[in-house]
There are 2 protein chains.
Amino acid sequence: MVRKKPTLKTVAEKTGLAVTTVSRALLDSPQIALETRKRVAEAARELGYIPDRAAQRLRTGRTKVISLILDPHNEIPDFGRSMVAGLSYALKGTGYHLTITPDFEGEPTIDPVNYITRNHLADGLIFTRTEYFDERVKLLQELGFPFVTHGRTELATPHAYWDYDNEEFAYRAARHLIDRGCQEIGIVLPPDRFTFYQHLRYGFMRAVRESGVASVIPVDIDLDSPPEVLREHFADWQLKPGTPTGIVCPGETSALAISSSLTDRRLTPGTDFHLAVKRTSSLFELHRPSYFSIYENIFESGRGLGHSILNLLEGGEVSNNQTIQAPVM
Amino acid sequence: MVRKKPTLKTVAEKTGLAVTTVSRALLDSPQIALETRKRVAEAARELGYIPDRAAQRLRTGRTKVISLILDPHNEIPDFGRSMVAGLSYALKGTGYHLTITPDFEGEPTIDPVNYITRNHLADGLIFTRTEYFDERVKLLQELGFPFVTHGRTELATPHAYWDYDNEEFAYRAARHLIDRGCQEIGIVLPPDRFTFYQHLRYGFMRAVRESGVASVIPVDIDLDSPPEVLREHFADWQLKPGTPTGIVCPGETSALAISSSLTDRRLTPGTDFHLAVKRTSSLFELHRPSYFSIYENIFESGRGLGHSILNLLEGGEVSNNQTIQAPVM
DNA sequence: AACAGAGTTTATAACGTTATAAATTTTCGT
DNA sequence: ACGAAAATTTATAACGTTATAAACTCTGTT
């Protein structure tokens, strides 16, 4: 026999107060006597009262839901280190829940944003892989819908973001390769519609300019290319003889594809080539041959994104929620 | 200026019908004249009417939410191949949304289940890593709360599951090692409270018994051991000289740790040792040296889990939702 | 023309919460 | 002890939906 779920009414009956009073008391409203608030809190605790989300949502219009839009190219470390875990951690105990809305391959990225805002399925939105004039950002700004992006844009109106310093990553990665004696260095970039394409490119080119080494930026492949395509590309790749060639790769799977392609050609890491990788998991700490890598803490990004969206929902300023995360060796 | 969200009332006014009639018409109730149903559907479409989830949830008691509980040890391939992506795919277009509830390290796994069922935050639950007499399963069965597990249990009352055939995986992996001439084979198992510990062990031991090779099952490490611990263990590991030793490893990160530990000792894959790995991502297709691996399609598990929970919610039988997924080379 | 019965539509209430405004009680200065 | 103001509590209505039961409108039979 299941005892019915306690509601405000139950608590009101137990305390002899009106439903309204109980509601206010539990919201800790200063209008209610401190004594009463304590009494109500105690009664609610005893009864195991938990507010009904659906009713609250219907009445207040707030969903208490944050939605994360994930795209299929997102590389994820184990769940414990993932952005989802970080976000969950940030939302824990706040009453906010996390829903995942996938970006399906081949469907416009604006679709989930439309869907969520039109039907008001969340109070805040988080998404990744921003473009220069990201239409999702534009739409949400027009609507005044709270959001934080993982990545920046070139749009005039500022917005909240938590971004990794890809410029610095690429610079340091390139410098490392140059310091190791590479006379020619290359970089695998994401598709050029993304803002982090530019950031990576700038950082890379800064190091190139400073040092005067030769640079190669392949155009027929990118970070999202399937591993086989990357493997083929690097199988045909002409290395400058005599000095090692360096490659910056800001993606683990891609780096693995490149490494396997080059070692399959019997090229030797350290003498024929060097690789500088962005790592988000423990993969490149365990990989042999070991390559130089710089860490991006994705769990931390998730936490940052979570804190930012919560801050915005509490009325925080956009300008206080623009973070650029430093690369860690 | 934002036009207010259309509700049943808006549609009722437009069609000149009562709110109740519109509601019934949109639910396609046979009580409403076919002609009227069409007219209402058309009007709703024109207005861009979408039912309010909060109101439906409050009135019907159904949340239209499926919750996936993820634990920190879950290994995830890229998002496109993940269980979450598979689940999303299965739920797409059904009106069900997916929420993620994490199992935090060090907190009882029953906590999120309690939280979700007590507050009725979902209509169905999906979770992984089942134990023999899993208390989550017991609780949900007592409550009559719909759920599907990724993994089986030893409990008397049958329940819905979608499981990978770990017995067969371990058998085939072990057979492969034996066929390659290993005279001694070992296996890295998950913590022994999980049911798939047994499945893996049985499959492994079946191959051992059939062939009469020596077997080793380390007890001071398991699949959840941190990579450094695994590396240390395999750094001290005494190999039988003369013939290669085989190791079955049902986890990618663990396999990587083992591989690096052994190659750091200058042991040679193929002569000193063989590794047979379970792969869920493209990691071990790209890894060098390349090892034998057997595929577990996690996206497919997600889809299967999704279809099963939907089927249960439509009144489907538990017995029709017990699937064991075959390993693929 | 009356009426049963099917076919169709509608009014009312309720799910659990909170905003608004009104009502009650207490406090305090005179 | 009185009244005004402050402090506290309460009644009412509403968010958008659907279940229940009642009301209306046809049809075809007598």
Side-chain angles (χ1 to χ4, degrees), chain A residues 2-41 43-44 47-65 95-97 118-123, chain B residues 2-41 43-44 47-65 95-97 118-123:
Chain A
V2 186
R3 207 165 52 209
K4 222 176 154 331
K5 204 182 120 192
T7 68
L8 284 181
K9 203 171 153 202
T10 326
V11 182
E13 277 159 9
K14 169 146 183 167
T15 53
L17 293 162
V19 170
T20 312
T21 315
V22 173
S23 171
R24 306 283 274 278
L26 291 173
L27 294 175
D28 217 26
S29 156
Q31 249 182 82
I32 303 296
L34 199 61
E35 166 72 18
T36 311
R37 276 184 261 168
K38 277 187 195 152
R39 200 155 57 86
V40 170
L47 288 168
Y49 166 78
I50 286 138
D52 184 284
R53 301 196 121 233
Q56 286 186 318
R57 177 165 167 179
L58 177 59
R59 180 62 245 233
T60 64
R62 270 174 292 115
T63 62
K64 289 282 194 166
V65 164
Y96 281 91
H97 288 180
R118 290 237 179 86
N119 309 7
H120 193 58
L121 297 175
D123 295 339
Chain B
V2 185
R3 208 165 51 210
K4 223 179 153 330
K5 203 181 122 193
T7 68
L8 284 181
K9 202 170 153 204
T10 325
V11 182
E13 276 159 10
K14 168 147 183 167
T15 54
L17 292 163
V19 170
T20 312
T21 314
V22 173
S23 170
R24 307 285 274 278
L26 290 173
L27 293 175
D28 218 25
S29 154
Q31 248 183 83
I32 303 296
L34 198 61
E35 166 71 20
T36 310
R37 275 184 263 168
K38 277 186 195 152
R39 200 156 58 86
V40 170
L47 289 168
Y49 167 77
I50 285 139
D52 184 284
R53 301 195 124 233
Q56 286 185 318
R57 178 165 165 180
L58 177 59
R59 182 61 245 231
T60 64
R62 269 173 292 115
T63 62
K64 288 282 195 167
V65 164
Y96 280 90
H97 289 181
R118 289 237 179 86
N119 309 7
H120 193 57
L121 297 176
D123 295 339

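In this text, all values refer to a predicted model and were calculated from it rather than measured experimentally. Note on naming: letters A, B, ... go to the chains in the order of the sequence lines (proteins, then strands), and numbering restarts at 1 for each one.
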Those residues at least two apart in sequence (or on a different chain) that pass salt bridge (Lys or Arg N to Asp or Glu O under 4.0 Å) with Asp52(A) are Lys5(A)

To the nearest Å, give me how far apart CG (Asp28(B)) and C1' (dT18(D)) are.
-> 16 Å

Write out all pairs satisfying salt bridge (Lys or Arg N to Asp or Glu O under 4.0 Å) with one or both partners inside residues 6-22 of chain B, taking only residues at least two apart or from two chains.
-> Lys14(B)-Glu46(B)

Results of side-chain contact (heavy atoms from CB on, under 4.5 Å) for Asp28(B) - residues two or more places apart only | Arg37(B)

Those residues at least two apart in sequence (or on a different chain) that pass side chain to side chain donor-acceptor pair (under 3.5 Å) with Thr15(A) are none

Return the set of residues passing ring pair (Phe, Tyr, Trp, His ring centres under 6.0 Å) with His97(A) (not counting sequence neighbours), or none when no residue passes.
-> Tyr115(B)

Within this structure, what is the NZ-to-P distance between Lys9(A) and dA11(D), rounded to whole angstrom?
-> 13 Å

Dump every N/O contact between nucleotides 4-9 of chain C and the protein below 3.5 Å, one line per pair.
unit_1: dT9(C); atom_1: OP1; unit_2: Thr36(B); atom_2: OG1; d: 2.8
unit_1: dT9(C); atom_1: OP2; unit_2: Ala33(B); atom_2: N; d: 3.1
unit_1: dT9(C); atom_1: OP2; unit_2: Thr36(B); atom_2: OG1; d: 3.4
unit_1: dT9(C); atom_1: O4; unit_2: Gln31(B); atom_2: OE1; d: 3.3

Establish, with yes or no, whether the OP1 or OP2 oxygen of dT18(C) is under 4.0 angstrom from a side-chain nitrogen or oxygen of Ser23(A).
-> yes

Using the criterion of both pairing distances under 3.5 Å for Watson-Crick and G-U wobble pairs, give all stems of 3 or more consecutive pairs involving DNA chain C.
-> C:1-30 with D:1-30

Using atom CD of Glu35(B) as one end and atom C1' of dT25(D) as the other, report the distance to the nearest whole Å.
-> 16 Å

What side-chain donor-acceptor pairs closer than 3.5 Å can you find for residues 53-62 of chain B, not counting sequence neighbours?
unit_1: Arg53(B); atom_1: NH2; unit_2: Gly95(B); atom_2: O; d: 2.2
unit_1: Thr60(B); atom_1: OG1; unit_2: Gln56(B); atom_2: O; d: 2.6
unit_1: Thr60(B); atom_1: OG1; unit_2: Arg62(B); atom_2: N; d: 3.1

Distance-only criterion, 3.5 Å: show the donor-acceptor pairs between side-chain atoms of residues 29-36 of chain B and protein atoms not counting sequence neighbours.
unit_1: Ser29(B); atom_1: OG; unit_2: Gln31(B); atom_2: N; d: 3.1
unit_1: Gln31(B); atom_1: OE1; unit_2: Arg24(B); atom_2: NH2; d: 2.8

Sequence neighbours left out, what passes side chain to side chain donor-acceptor pair (under 3.5 Å) with Thr20(B)? Give chain and number order.
-> none

DNA chain D-proximal residues of residues 48-64 of chain A, any heavy atom under 4.0 Å | Leu58(A), Arg59(A)

